[in-house]
2 protein chains.
Amino acid sequence: MVVGMSPRNAESSRASLLIAGSQCFRREGFVSTTVDDICREAGVSKGAFFHHFASKEALAAACLEKWRTDMAAMDATAPYRSISDPVERLDGCMAFYVDILSRPGQLKSCLAGTIAQEVFDTNSTLRDASNQCFVGAESMFAALLRDAAKMRGVDIDVVGLAKHWTGAIQGALILYKASQDASVIENNLNHVRAYIMALLDTRKTE
Amino acid sequence: MVVGMSPRNAESSRASLLIAGSQCFRREGFVSTTVDDICREAGVSKGAFFHHFASKEALAAACLEKWRTDMAAMDATAPYRSISDPVERLDGCMAFYVDILSRPGQLKSCLAGTIAQEVFDTNSTLRDASNQCFVGAESMFAALLRDAAKMRGVDIDVVGLAKHWTGAIQGALILYKASQDASVIENNLNHVRAYIMALLDTRKTE
DNA sequence: ACAACCATACCAACCGGTCGGTATGGAGTC
DNA sequence: GACTCCATACCGACCGGTTGGTATGGTTGT
């Protein structure tokens, strides 16, 4: 064992709480979720909770931080990353997100979007932490766009389009939550995908 | 005076509660908002609240119903409705929404989107009521799309595009709430607008 | 022994909802 | 037109359950 790793399994408890917190927040929201809910789902006691996190808000902030790095890691290791052509790689990225967000089993809810909507007017700490998730996602997507645009020799607003893509995901998730019809995700994201691919096909002398 | 109109002003109290409820829910969400918050903002007592509404959920349901009809009424009487050319009317509609959603003073939050996100997994009544707002908005937009497509003689997926438009609004609102930067609304909606207008310009024999 | 780790009992604040009671004005009666 | 009767509208103290957070004591590894 390394230096840390004290009695019982501290890291395991902390990790369980982070996973359970994200899961609960994404399902029921930050306000509705109780500390007891999270403890039950994580299989730890309330004492363990407040040993590792100062408050429910602190756990949420840690969940958002983990969400941000997890998303970045998932993106960085996604299969589409091995595509060499920048335009195809961009298209592969969008196809990748359409795919994972349409998978039947998994929870169609973004931690950042959920928390941002709930606390934007009352808790600037969590609002900013949520925003960092979006900023991270947008900058990754913007980089893909930049490469693709450079290859095609077209001048497009990569930052604006990245926000458009991120927004489309958030909007699709909301419509899915209201309608419980997953097809809206594929539908909406593929429209953005087609739009972006069409922009890259634009001839400079149109 | 008509038949009703009993002591004090019942209709005024009820209306105040609906307005205050929508305002509070849009700002702080359904769960965070307390009945006392709403009463304070409406300037009525707690007794008056439960005289007019059976529960906080019942008020929210009434607010969503009002939101649906208010949005429909606003859309039906919007200036763009007087535009005779179907394509220009559609473009005017999108410009109209970009305009009102970018206005500095007003609260950039959709009641349906806020409540749907919070209760989709725990309260099917409110979820369905939220969904009706989206269904209504989509059908109105789909009708505009249908007319424009017919005039141009192009065949487009009007229902799917209407969902895309509605989703873009919801997504833009979330990104705004997180970033507090209103420019994302204009940015995102204008991308959808450009996409739709481009689709209408498609020659059938491309 | 000592510190990290965790369990349990507990607390005070809060919140949705209730309840007994009051105020207001209209309808019916004479 | 005064008087009774009653439905609607409203008030605000109160209640019971819930919730985030705490206090305290025990257990485990080093």
Side-chain angles (χ1 to χ4, degrees), chain A residues 1-25 27-64 115 118-119 122-123 125-126, chain B residues 1-25 27-64 115 118-119 122-123 125-126:
Chain A
M1 298 296 139
V2 271
V3 279
M5 211 55 182
S6 291
R8 277 282 162 74
N9 25 11
E11 278 315 305
S12 153
S13 290
R14 203 187 133 88
S16 296
L17 284 167
L18 285 171
I19 292 171
S22 269
Q23 199 80 358
C24 290
F25 293 148
R27 252 193 281 114
E28 308 189 22
F30 172 71
V31 185
S32 281
T33 297
T34 72
V35 174
D36 287 325
D37 283 342
I38 299 169
C39 292
R40 199 179 313 119
E41 182 139 336
V44 306
S45 72
K46 213 166 179 176
F49 183 103
F50 285 101
H51 173 73
H52 289 287
F53 300 98
S55 63
K56 180 178 155 186
E57 179 194 329
L59 172 73
C63 285
L64 283 168
I115 293 186
E118 277 186 287
V119 307
T122 52
N123 188 318
T125 303
L126 292 182
Chain B
M1 297 294 147
V2 269
V3 280
M5 213 52 185
S6 288
R8 297 276 157 71
N9 20 11
E11 277 317 305
S12 153
S13 290
R14 203 187 133 88
S16 296
L17 284 167
L18 285 171
I19 293 172
S22 269
Q23 200 81 357
C24 290
F25 293 148
R27 252 192 281 115
E28 308 190 22
F30 173 70
V31 185
S32 281
T33 298
T34 71
V35 173
D36 287 324
D37 283 342
I38 299 168
C39 291
R40 200 178 313 117
E41 181 138 338
V44 306
S45 72
K46 209 166 181 175
F49 182 103
F50 286 101
H51 174 74
H52 289 288
F53 300 98
S55 64
K56 181 179 155 185
E57 179 195 325
L59 172 74
C63 285
L64 283 167
I115 293 187
E118 278 187 287
V119 306
T122 51
N123 188 318
T125 303
L126 292 182

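Order of the sequence lines fixes the chain letters, A, B, ..., with proteins taken first and strands second; residue numbering starts at 1 for each chain.
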task: Decide yes or no on side-chain contact (heavy atoms from CB on, under 4.5 Å) for Arg27(B) and Glu41(B), but give the supporting numbers first.
output: CA-CA 12 Å; Arg27(B) 252 192 281 115; Glu41(B) 181 138 338; 3.0 Å; yes
- prompt: Where do His52(B) and Ser13(B) land on the side-chain contact (heavy atoms from CB on, under 4.5 Å) test, with the steps shown first?
  reply: CA-CA 8 Å; His52(B) 289 288; Ser13(B) 290; 3.8 Å; yes
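Between Leu59(B) and Cys63(B) the shortest side-chain heavy-atom distance falls below 4.5 Å. Residues Phe49(B) and Asp36(B) have side chains not in contact (no heavy-atom distance under 4.5 Å, counting atoms from C-beta outward). Looking only at side-chain heavy atoms (C-beta outward), Val31(B) and Phe30(A) stay at 4.5 Å or farther from each other. The side-chain heavy atoms of Leu18(A) and Phe53(A), taken from C-beta on, include a pair separated by under 4.5 Å.
Residue Phe53(B) contributes atom CZ, which lies 20 Å from atom P of dC15(C) at whole-angstrom precision. Spacing between atom CZ of Phe30(A) and atom C1' of dT19(D) amounts to 12 Å, rounded to whole angstrom units. Atom P of nucleotide dC11(D) and atom CZ of Phe50(B) are separated by 14 Å, given to the nearest angstrom. Rounding to whole angstrom units, CZ of residue Phe49(A) and C1' of dT19(D) are separated by 12 Å.
Residue-level contact check: Thr33(A) touches the backbone only, with heavy atoms under 4.0 Å from sugar-phosphate atoms and none from bases.
The side chain of Ser55(B) contributes no N or O atom lying less than 4.0 Å from OP1 or OP2 of dG16(C).
Distances from the side chain of Ser45(B) to the nucleotides dG17(C), dC6(C), dC10(D) place dC10(D) closest. Distances from the side chain of His51(A) to the nucleotides dA7(C), dA4(C), dC10(D) place dA4(C) closest. Comparing atom distances between the His52(A) side chain and each of dC6(C), dG21(D), dA13(D) picks out dC6(C) as nearest. Distance from the side chain of Lys46(A) is smallest for dG20(D) among the nucleotides dC11(D), dG20(D), dA7(C).
Glu28(A) places no side-chain N or O within 3.5 Å of a backbone atom of Thr33(A) that could act as its donor or acceptor partner.
For residues 34-41 of chain B, proximity to DNA chain D is found at no residue, defined as any non-hydrogen atom under 4.0 angstrom from a strand atom.
Counting distance only, with no hydrogens placed and no angle test, the side-chain atoms of Lys56(A) and the base atoms of dG21(D) include no donor-acceptor pair under 3.5 Å.
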